[in-house]
Amino acid sequence: MSVFLVGAGPGSVDLLTLRAAKLLSRAQVVVYDRLVDDEVLALAPADAERIDVGKRPGGSHNQALINDLLISLGQRFDRVVRLKGGDPFVFGRGGEELAALRSAGIHTEVVPGITSAFAAPLAAGIPVTHRGVSRGVCVITGHTLGDDAVDYSRLANGQITLVVLMGVANRGAIARQLMSGGLSPSTPVAAIESASTPAQRVLRCRLDELGDTEILNPAALVIGAVAALDLNDAEVVAGAELA
Ligand code: SAH
């Protein structure tokens with residue numbers, strides 16, 4: 001009786017870990033999210049039960065139901081794979097699922113995945129850190145709720161790259177707070193939609209244009225000097241200011 005909380009990576013089946021592929025190929029039940037690709041699901045045996053728990057708005061109630069579902073499946077089956085987009089512990093609520101399963105006495109293993117926070121910028125040719133350009137990276141949620149709201153103005157730091165996940169809806173407010181915290185309106189921004197899938201699209205703009213730029217979910221926002229780079233493009237690399 002085991003549940004495996006498995007990171008499915010950012011989209012493409014090629015970015016799955018070997019451990020994830022092996023566990024999927026032996027799964028009896030696969031419980032998956034909205035962002036998990038069909039090609040990844042296809043690695044599970046044809047007769048494995050597939051359960052879509054893709055989150056709709058109003059998440060916290062759903063999360064309790066998902067936890068209960070995982071516990072009851074864990075009590076009935078030997079090999080349950082809970083597939084989560086990207087890495088299970090990066091805004092995936094994997095920690096909550098792990099805690100619920102462990103407190104119900106169910107053996108649980110967590111398998112890391114490639115997070116979209118790093119894979120999406122890379123797909124656009126953007127290194128999240130780069131010598132002389134960015135000394136670090138901060139991954140934050142743009143999905144702010146009530147008292148938990150992130151104070152973006154305190155994250156304004158020209159030496160550090162910001163990667164915002166779930167930030168599309170609040171992109172205008174995030175940009176305003178970062179500028180009021182001191183980030184230049186001309187700070188480069190890149191939005192990478194559906195990274196590593198056939199629908200991948202990269203948009204670039206300045207921070208003061210972010211609110212008016214149309215961006216489709218799912219997308220990762222990269223804010224900082226590295227967002228002007230495109231290491232897939234030799235000319236841009238040669239012309240980049242690597243101060
Ligand atoms: N655990 C996931 C993140 C879950 S939050 C991870 O590690 O990647 C969901 C957010 O992730 C989306 O709103 C979007 O910001 C980002 N995301 C997930 N897949 C993506 C993809 N293929 N391209 C761009 N962003 C993606």
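In what follows, every heavy atom counts, from backbone to side chain, and hydrogens, waters and symmetry copies are set aside. Just follow the structure's listing: the first ligand is 1, and inside any ligand the first atom is 1.
Near Ala195, meaning under 4.0 Å from any of its heavy atoms, are these atoms of ligand 1: 21 (C), 22 (N), 23 (N), 24 (C). Which parts of ligand 1 touch Ala219 is read off a 4.0 Å heavy-atom cut-off, strictly below it: atoms 14 (C), 15 (O), 24 (C), 25 (N). Listed by number with element, the atoms of ligand 1 under 4.0 angstrom from any heavy atom of Thr115 are 6 (C), 7 (O), 8 (O). Atoms of ligand 1 lying under 4.0 Å from any heavy atom of Ile192, numbered from 1 in the order shown and given with element: 24 (C). Those atoms of ligand 1 that come under 4.0 Å of a heavy atom in Gly85, given as number and element, are 1 (N), 2 (C), 6 (C). Set against the non-hydrogen atoms of Phe91, the atoms of ligand 1 under 4.0 Å away are 4 (C), 5 (S).
Note: an N/O pair closer than 3.5 Å links Pro10 and ligand 1 by distance alone. The distance criterion of under 3.5 Å between nitrogen or oxygen atoms is not met by Glu193 with respect to ligand 1. For a threshold of 3.5 Å applied to N or O pairs, the pair formed by Gly167 and ligand 1 contains no separation below that value.
Interatomic distance, CD1 of Ile192 versus CG of Leu203, reported as 9.0 Å (0.5 Å rounding). Here CD1 of Ile215 is found 8.5 Å from CZ of Arg201. Values are rounded to the nearest 0.5 Å.
Using modelled atom types and a 3.5 Å distance limit, the side chains of Ser134 and Thr161 yield a donor-acceptor pair.
When hydrophobic clusters are built by joining Ile, Leu, Val, Met, Phe, Trp and Tyr residues whose side-chain heavy atoms come closer than 4.5 Å, directly or via intermediates, Val189 is not grouped with Val163. Val133 and Val139 fall into different hydrophobic clusters, defined by Ile, Leu, Val, Met, Phe, Trp and Tyr side-chain heavy atoms under 4.5 Å apart, directly or through other members.
Remark: Arg19 engages Glu109 in a salt bridge, criterion side-chain N to carboxylate O under 4.0 Å.
With respect to atom 3 (C) of ligand 1, the closest heavy atom belonging to the protein is Val90 O, 3.4 Å. Considering only non-hydrogen protein atoms, atom 11 (O) of ligand 1 sits nearest to Ser116 OG, 3.6 Å.
Under the 4.0 angstrom criterion for non-hydrogen atoms, Thr197 is not in contact with ligand 1. The shell of residues lying under 4.0 angstrom from ligand 1, judged by heavy atoms, excludes Ser196. In this structure, Gly11 falls outside the shell of residues with a heavy atom less than 4.0 angstrom from ligand 1.
Only backbone heavy atoms of Ser194 (N, CA, C or O) come within less than 4.0 Å of ligand 1; its side chain stays farther off.
Nearest heavy-atom pair across Cys138 and Leu155 is SG-CD2, 4.3 Å.
Asp87 places a side-chain N or O within 3.5 Å of a backbone atom of Gly113 that can act as its donor or acceptor partner. Within the 3.5 Å criterion, the main-chain N or O of Leu41 finds a donor-acceptor partner in the side chain of Arg50.
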Fill in: Candidate pair Arg206 and Asp212, rule salt bridge (Lys or Arg N to Asp or Glu O under 4.0 Å), full reasoning
CA-CA 10 Å; Arg206 294 163 37 122; Asp212 295 325; over 6 Å; no
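Across the listed options Gln200, Met166, Arg34, Met166 owns the non-hydrogen atom lying nearest to atom 10 (C) of ligand 1.
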